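Written out below as structure tokens is the structure these notes cover.
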Number of protein chains: 2
Amino acid sequence: MPNPLVRKLENFIRLTSEEKQALEKIAQPTRRLGPREDVVRDGDRPRHVNVVLEGWACRYKQLEDGRRQVISIFLPGDLCDPHVFVLRKMDHSLGTLTSVVLAEIPETAIREITQQYPRVAEALWWEMLVTAAIQREWTVSLGQRLATERLGHLFCELFLRLRAVGMTNDTSCEFPITQADLGDAMGLSTVHINRTLKELRAAGLIRLRGRQLTIPDFSALQAASLFDPSYLHYERDPLNTAED
Amino acid sequence: MPNPLVRKLENFIRLTSEEKQALEKIAQPTRRLGPREDVVRDGDRPRHVNVVLEGWACRYKQLEDGRRQVISIFLPGDLCDPHVFVLRKMDHSLGTLTSVVLAEIPETAIREITQQYPRVAEALWWEMLVTAAIQREWTVSLGQRLATERLGHLFCELFLRLRAVGMTNDTSCEFPITQADLGDAMGLSTVHINRTLKELRAAGLIRLRGRQLTIPDFSALQAASLFDPSYLHYERDPLNTAED
DNA sequence: GCCCAAAATTAACCTGCGTTAGTTCCGCTC
DNA sequence: GAGCGGAACTAACGCAGGTTAATTTTGGGC
């Protein structure tokens with residue numbers, strides 16, 4: 001089971017084994033959390049860069065009156081803001097969706113590895129820019145897409161991101177998040193998430209039982225959701241790339 | 001009339017005059033556009049970092065069927081993705097909202113100035129992280145806030161961002177964008193933007209005539225919109241900072 | 001195999017916002 | 001100052017999605 005951060009970055013640049021070893025060394029498990037726990041809280045001073053090694057996590061923001069928006073979803077291999085230290089305070093929280101294993105990387109370790117290995121620095125740049133692109137695409141989804149398109153688009157995105165770290169097989173992947181959390185992420189009520197899932201299932205676009213998602217015909221879901229994967233900036237189309 | 005990029009960055013770090021001069025030198029006007037023109041188009045290879053010197057611009061994305069989402073709004077002093085070159089292709093377009101004057105900064109100039117002046121590099125880091133924070137806050141708005149809150153929140157944000165580059169006086173600022181563009185940015189129809197503005201006016205929260213916005217009682221609008229300025233990460237609260 | 005809490009599902013009703021189709025206003029040009 | 005085009009504004013109606021309040025299913029823990 002290779003390190004998911006290394007695996008993810010290799011979608012952009014193939015790294016030397018020295019570079020990979022350096023990355024693996026700083027991205028070791030240091031913290032385990034259960035589902036629905038906070039990793040860092042809004043207002044905290046950031047102390048490390050968190051990398052998800054196992055499980056799903058998220059950024060979220062809670063309004064004074066309790067409304068909650070999940071701002072982004074973190075999958076294995078994802079890392080939160082490699083340069084977050086520049087800001088004094090978190091302006092949002094990080095929380096787990098499932099049980100999670102994290103690597104907490106200190107500021108110095110990031111600085112050292114990027115100074116020593118320019119290709120790792122470039123790969124981290126790519127990671128940041130793609131994270132920003134995903135955030136923009138969520139803006140588009142929330143602003144323009146209807147509920148079916150919005151959910152379908154999310155399924156397409158998460159499937160490709162999971163495939164990029166080797167966490168899919170054929171047309172299926174784990175999908176361990178609740179409909180309530182899906183609602184908070186998509187700006188929809190739990191009830192409407194449920195209705196919309198029913199509709200996507202009825203249209204044969206997805207199967208979703210327990211914690212398993214199947215997309216029997218990716219291009220059909222893609223067309224129905226107006227999903228264009230170019231914002232993910234994978235050099236090699238992950239749908240057509242053989243596993244290592 | 002000082003360079004708005006310098007002015008903006010000084011909200012984070014006070015720069016030496018040498019650093020300021022270096023920034024001003026690379027942020028000189030090189031391109032003028034009319035309203036509603038494209039600066040860079042989706043799919044293009046990025047050639048420079050664009051800095052807005054005058055006027056308002058935006059990122060936007062157009063779906064196949066014509067729906068358009070304005071993803072972010074650029075004000076004077078804003079700069080688009082200092083490291084965009086890492087990606088081969090634009091995944092969205094940049095366009096003007098009003099007449100605009102741009103500085104087009106080549107990749108090499110960015111690299112040189114950040115290598116020579118670490119404090120400028122840190123200021124650009126701050127800029128990038130705040131831009132990301134603004135994008136996250138738009139996600140929250142689109143996902144959770146009602147139309148009145150959403151528009152009120154945008155007014156608060158833009159007012160503070162304009163104030164940070166000295167483009168407000170007392171409680172007013174220029175507000176040169178059409179209701180149609182506001183709709184594309186807020187994920188609302190033009191008709192509903194109009195209704196919502198009427199409501200905000202009736203509540204005495206804003207005045208908006210021609211291209212002039214007045215916020216007579218900022219904290220009232222702030223409260224009505226659930227606006228918390230901490231995501232803008234100004235070191236000194238721009239509402240209480242005297243003009244230089 | 002039973003218990004329990006969390007998650008999924010459904011129905012009935014309601015509302016915020018979209019759509020369509022105008023009319024009015026404003027700023028510009030000649 | 002007449003005329004024009006784009007922007008602002010309005011009204012009537014329709015629909016996507018929210019809300020409330022149940023009921024059913026699921027998956028651990030013992």
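Note that the structure is predicted; figures quoted are calculated from it, not measured. Chain letters run A, B, ... following the sequence lines, proteins first, then strands; residues in each count from 1.
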Nucleic acid contacts of residues 199-207 of chain A, taken as heavy-atom distances under 4.0 Å to DNA chain D: none
Side chain proximity check, I215(B) to F159(B), heavy atoms < 4.5 angstrom: yes
Close residues, residues 64-75 of chain A, relative to DNA chain C [heavy-atom separation under 4.0 Å]: none
Restricting to nitrogen or oxygen on both sides, can you table the protein-nucleotides 18-22 of chain D pairs closer than 3.5 Å?
unit_1	atom_1	unit_2	atom_2	d
dG18(D)	OP1	G187(A)	O	3.4
dG18(D)	OP1	S189(A)	N	3.3
dG18(D)	OP2	S189(A)	N	3.0
dG18(D)	OP2	S189(A)	OG	3.0
dG18(D)	N7	R195(A)	NH2	2.7
dG18(D)	O6	R195(A)	NH1	3.2
dG18(D)	O6	R195(A)	NH2	3.3

Bend angle of the helix from dG1(C)-dC30(D) to dC30(C)-dG1(D), end axes from five pairs each (to 10°): 50°
Just wondering, do P29(B) and E54(B) contact through their side chains at under 4.5 Å, heavy atoms? no
Proximity of F227(B) and F155(B) rings by center, below 6.0 Å: no
Looking at side-chain heavy atoms only, is the closest gap between E199(A) and L205(A) below 4.5 Å? no
List the atom pairs, with distances to 0.1 Å, where a side-chain N or O of residues 40-52 of chain B and a protein N or O form a donor-acceptor pair under 3.5 Å, not counting sequence neighbours.
unit_1	atom_1	unit_2	atom_2	d
R41(B)	NE	D38(B)	OD2	2.9
D44(B)	OD2	R41(B)	N	3.0

Enumerate the side-chain hydrogen bond (donor to acceptor under 3.5 Å, both in side chains) contacts for residues 186-195 of chain B, please, sequence neighbours excluded, ordered by first and then second residue. Q179(B)-N194(B), H192(B)-R195(B)
Output every pair passing salt bridge (charged side-chain N to carboxylate O under 4.0 Å, His left out) with a member in residues 201-226 of chain A, not counting sequence neighbours, ordered by first then second residue. none
Which nucleotide of DNA chain C is the first, and which the last, in the 5' to 3' direction, to come under 4.0 Å of a heavy atom belonging to chain B? dC17(C) to dC26(C)
Of all pairs that satisfy salt bridge (charged side-chain N to carboxylate O under 4.0 Å, His left out), the ones with a partner from residues 182-191 of chain B, not counting sequence neighbours: R68(B)-D184(B)
Within the 4.5 Å heavy-atom criterion, are I177(A) and W56(A) side-chain neighbours or not? yes
Identify the pairs formed between an N or O of the protein and an N or O of nucleotides 23-30 of chain D at a distance under 3.5 Å, and give each distance.
unit_1	atom_1	unit_2	atom_2	d
dT26(D)	OP1	R209(A)	NH2	3.4

Mind checking what makes salt bridge (charged side-chain N to carboxylate O under 4.0 Å, His left out) contact with R32(B), not counting sequence neighbours? none
Qualifying salt bridge (charged side-chain N to carboxylate O under 4.0 Å, His left out) pairs, either residue in residues 139-148 of chain A, two or more places apart: E137(A)-R145(A)
Are the ring centres of Y231(A) and W138(A) closer than 6.0 Å? no
Can you find a pair of side-chain heavy atoms, one from C173(A) and one from L162(A), that are under 4.5 Å apart? yes
Within the structure provided, determine whether Q69(A) and L142(A) are in side-chain contact (heavy-atom separation under 4.5 Å). yes
Using a 4.0 Å heavy-atom cut-off across all strands, classify L146(B) as base, sugar-phosphate, or nothing. sugar-phosphate
Report yes if some heavy atom in the side chain of K61(B) is under 4.5 Å from a heavy atom in the side chain of R67(B); otherwise report no. no
Between T214(B) and I206(B), is any pair of side-chain heavy atoms under 4.5 Å apart? no
